Amino acid sequence: LSICLGLFRNWFPLIWAHYVEMHKAVCMRPENRHMDILAQGCPFFAMSQNFGPQAVSIRHKDTKNLISGLCLIYVLGLFAHETGGHLVLHEAKILLEAPWGTILAIPSAALTHENLKILEGERRFVFTMYSAGGFFRYRDHDWMTDKAWEQHHGRKPELHQSTWEDGLARFMTISELQASKMT
């Protein structure tokens, strides 16, 4: 787990900081004091595990995850990664080999993705961490759900272009990342 979180913190520091800020804000509320359940220092609110024995996913987007966030995927198992288990990122037109021990960080709400099947008798397991976009909206709507906010204000919450732009700005270029490491 610490390797996954270290990768996230090192390669995506602005997204990491956004998740940490959100995690602290939610966990500091008295009604949420038990929310810090995954692991100490882990800014994600959810995890899922698919212990197969042949964990693969069909073509999908994780539409409930934070659209400008990341999903961390840790791949385990004994399978021929050259012939199966590949991660397919459809919009990017990328096919990635993902052998045992691979840690993937993808914007799973923004990209359609899937895994290719593995051979009969092989084993592949996946551990995934993510946070729902609803947590961020809950905070941004004065600690109310979308439905409660709409009932209270008599209208649906507005979607702001700046929310999307701020989220995209947290994805740093390589030169921005390098510059951040120099300070």
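Here, residue 1 is the first one in the sequence, and each next residue gets the next number. Just so we're clear, the structure is a prediction, and the values are computed from it rather than from any experiment. Quick note: numbers below take in every heavy atom, side chains included, and nothing from hydrogens, waters or symmetry partners.
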Please determine whether a side-chain nitrogen of the Lys or Arg among Arg139 and Glu21 lies less than 4.0 Å from a carboxylate oxygen of the Asp or Glu. yes
Please work out whether the ring planes of Phe12 and Phe8 are parallel, tilted or perpendicular, with thresholds of 30° and 60°.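 Rings of Phe12 and Phe8: tilted, as their planes differ by 30° to 60°.
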According to the interplanar angle, ranging from 0 to 90°, do the rings of His18 and Phe136 count as parallel (below 30°), tilted (30 to 60°) or perpendicular (above 60°)?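 The arrangement is parallel - the two ring planes meet at less than 30°.
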According to a 4.5 Å side-chain heavy-atom criterion applied to Ile, Leu, Val, Met, Phe, Trp and Tyr, with indirect links allowed, do [X] and [Y] form part of one hydrophobic cluster?
| X | Y | result |
| --- | --- | --- |
| Val88 | Val56 | no |
| Ile103 | Phe51 | yes |
| Phe171 | Leu72 | yes |
| Met129 | Leu104 | no |
| Phe127 | Phe45 | yes |

Looking at [X], I want to see if its [atom1] is surrounded by more than 12 non-hydrogen atoms of other residues, nucleotides or ligands under 6.0 Å.
| X | atom1 | result |
| --- | --- | --- |
| Trp100 | CH2 | no |
| Trp11 | CH2 | no |
| Lys117 | NZ | no |
| Leu168 | CG | yes |

What's the shortest heavy-atom distance between [X] and [Y], and which atoms?
| X | Y | answer |
| --- | --- | --- |
| Arg124 | Phe79 | CG-CE2, 3.6 Å |
| Gln54 | Gly121 | NE2-N, 3.6 Å |
| Glu97 | Glu82 | OE2-CA, 3.9 Å |
| Ala98 | Val75 | O-CG1, 3.6 Å |
| Pro53 | Arg123 | CB-NH1, 2.7 Å |
| Ile118 | Gly84 | CG2-C, 3.9 Å |

Does any part of the side chain of [Y], heavy atoms only, come nearer than 4.5 Å to the side chain of [X], both counted from C-beta?
| X | Y | result |
| --- | --- | --- |
| Ile73 | Cys71 | yes |
| Tyr74 | Thr128 | no |
| Ser48 | Val126 | no |

Under a 3.5 Å cutoff, is there a donor and acceptor pairing between the side chains of Thr112 and Glu91? yes
Taking the side chain from [X] and the backbone from [Y], do they hold a donor-acceptor pair closer than 3.5 Å?
| X | Y | answer |
| --- | --- | --- |
| Glu150 | Lys147 | no |
| His153 | Trp149 | yes |
| Gln49 | Phe125 | no |

Applying the ring-ring contact (aromatic ring centres under 6.0 Å, His included) criterion to Phe44, which one of Phe135, Trp16, Tyr19 satisfies it?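 Output: one option passes, namely Tyr19.
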Given side chain to side chain donor-acceptor pair (under 3.5 Å), test His141 with Asp146 step by step and report yes or no. CA-CA 7 Å; His141 297 159; Asp146 290 345; 3.1 Å; yes
Would you please indicate yes or no on a ring centroid separation below 6.0 angstrom for His113 and His60? yes
